[in-house]
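Contents: one structure, followed by commentary.
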Amino acid sequence: MDVGTHDSMIDPGSATADSTEKATMDALIIRGGRRLSGRVEVSGAKNAALPVMAATLLAPGVHTLRNVPLLSDTRTMASVLERLGARVEFRGHACKIDTSNVSSVEAPYDLVRTMRASVYVLGPLLARFGAARVSLPGGCAWGPRPVNLHLDGLNAMNAQLEIDHGYIVGKDVRLRGAQVNFDVVSVGATAQLMMAAVLAEGTTTLDNVAIEPDITVLGEILSGCGARIEGLGTRRITVHGVRELRPIDTTIIPDRIEAATLLAAVGITGGSVTLERCEAGHMAAAMHKLEEMGCEILPGNGEVTISGPSRPSAVDVTTAPFPGFPTDMQAQMMALCAVADGTSVITDTIYLDRFTHVPELQRLGAQIELKNNSAVIRGVERLQGAPVMATDIRASAALVLAALVAEGETRISRIYHLDRGYEQLETKLRGLGADVERIQE
Ligand code: EPZ
């Protein structure tokens, strides 16, 4: 197997390159003060689609994924797979991935540095080809985001990985079952080890695993392809290795973080909205906090209806692994607390430095004081529109929410961050009555 690099074969059906460059220069102009109303559809989940796309490497053949969100992150994963020799074709939200002719095991720095989740190809490559050369992801705005749990777990399974000039390298590897107990609950390491273990020799037991819906459905999808996995949805997963898997044919679950962000948009603006194609059970913690702030929420079959209060009440939030309050909703909740009646405290226990949105919210007039990994937010009557800058996916969503209620005009630049995690958020919000437009800077 050639571990060198291959020029990526851009398939005309794959939407990889040009749209991302254009989006890099875009900004959003939002004029605040409108209540939201109507119905809106939730897209497929980014954090479920990414590991499933990587998992297609486990079985040669044509895989079919439906309801894949059209985001720069899913396009990046498509580029990684194309670099490995797979053919990726998007037809609307359906994605066909042919992994019959994978000819490389190298995931290059130029792609991995744009999206940490590219590291998900490591386990599948080692499991199917016994070799991999995957760039280390590198740093993040919120401080260190190591992959030691991924590497230690794979090495416990006999991967004998080495770090070579910034790359994680494995050669002539035959993965073997092992017992792995994670020090920290990690979504990424759980997915990585589960994907590696399905083709390993013998049985793997993973303890203290993540039980996010993205993980549980990944396990169910792999089981549907012939994998033998027990304990999904519990903190202990047992995987009995099998010789081969069938190609995947699946529909990606709704994005619970996008859905919770849309609920928060109604919570901050007031009004009444029904979300379609979403899973209330996947976002109970966020809905509970929004109810505490005065929202009325009615979960239905595949949909959720929310009515926002005239002014949200202050609330305290502490993030935790699922089913706790998601760190990916921390910034958005901070926007609500910025205009809430009273003082709120938000503590992030997952990423202790995930506060790059704070100075930007302060530019809009928010009163926020940081103390270690907590933010104390004194709610103000009204925010004021201003030019601000997006710094990551969820920080940009928080700025959008704050701008929806700020006086006058807000200009949010660097929204390529938003496009990484939200499919046409401005179009959806405009459909609900918001005054928002995308411009080229
Ligand atoms: C996933 O990231 C999500 N990304 C993140 O969403 C999300 O914030 C995070 O889970 C937590 O819910 C994707 O699914 C693609 P972790 P991941 O491993 O897997 C530490 C978004 O906005 N850790 O669960 O990278 C780590 O530093 C993104 O959509 C280690 O110490 O997160 C963190 O403190 C942002 N060593 C904690 O564990 C490791 O090897 C949880 O991280 C791995 C993780």
Side-chain angles (χ1 to χ4, degrees), residues 43-55 69 71-74 76-77 80 112 114-123 134 136-156 161 168 180-195 206 208-218 252-253 255-261 282-283 285-286 319-332 347-357 373 390-398 417-423 425:
S43 300
K46 167 179 80 78
N47 292 347
L50 294 174
V52 174
M53 290 174 79
L71 307 167
S72 49
D73 272 12
T74 48
T76 301
M77 185 59 87
V80 172
V112 177
T114 66
M115 182 185 71
R116 299 174 51 74
S118 311
V119 79
Y120 275 146
V121 300
L122 178 61
V134 174
L136 274 167
C140 165
W142 326 314
R145 289 186 67 190
V147 290
N148 57 309
L149 298 174
H150 299 236
L151 305 186
D152 295 351
L154 289 168
N155 283 334
L161 298 171
I168 307 160
V180 177
N181 186 352
F182 293 116
D183 300 339
V184 180
V185 171
S186 160
V187 174
T190 302
Q192 185 80 269
L193 271 283
M194 186 161 63
M195 290 191 283
L206 306 175
N208 197 28
V209 297
I211 57 172
E212 268 67 1
D214 320 304
I215 292 291
T216 306
V217 289
L218 176 65
I252 300 296
I253 58 171
D255 194 317
R256 62 197 166 84
I257 304 297
E258 182 206 11
T261 301
H282 291 175
M283 51 183 174
T319 68
F322 188 90
F325 188 92
T327 173
D328 292 348
M329 275 301 295
Q330 181 253 94
Q332 297 93 312
T347 302
D348 202 322
T349 67
I350 311 277
Y351 299 113
L352 309 182
D353 313 329
R354 192 177 193 172
F355 297 109
T356 51
H357 41 284
N373 59 324
T391 49
D392 64 67
I393 301 173
R394 310 306 168 181
S396 38
H417 287 291
L418 191 73
D419 295 334
R420 290 191 54 190
Y422 294 90
E423 187 178 333
L425 183 63

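Note that ligands are numbered from 1 as they come in the structure, with each ligand's atoms numbered from 1 the same way.
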N/O donor-acceptor pair under 3.5 Å between Asn155 side chain and Leu161 backbone: yes
With no hydrogens and no angle check, is any side-chain donor or acceptor of Glu423 less than 3.5 Å from a backbone partner on Ser43? no
Could you walk me through whether Arg420 and Asp392 pass salt bridge (charged side-chain N to carboxylate O under 4.0 Å, His left out), step by step? CA-CA 9 Å; Arg420 290 191 54 190; Asp392 64 67; over 6 Å; no
Minimum heavy-atom separation for Gly421 to Leu71, with atom names? C-CD2, 3.7 Å
Determine whether Arg354 and Thr319 make a side-chain contact, defined as any pair of heavy atoms from C-beta on separated by less than 4.5 Å. no
Let me know which protein residues bring a heavy atom to under 4.0 Å of ligand 1; chain then number is fine for ordering. Lys46, Asn47, Ala117, Trp142, Arg145, Pro146, Val147, Asn148, Leu149, His150, Val184, Val185, Ser186, Val187, Gly188, Thr327, Asp328, Ile350, Tyr351, Arg354, Arg394
To the nearest 0.5 Å, how far apart are CD in Gln330 and OH in Tyr351? 11.5 Å
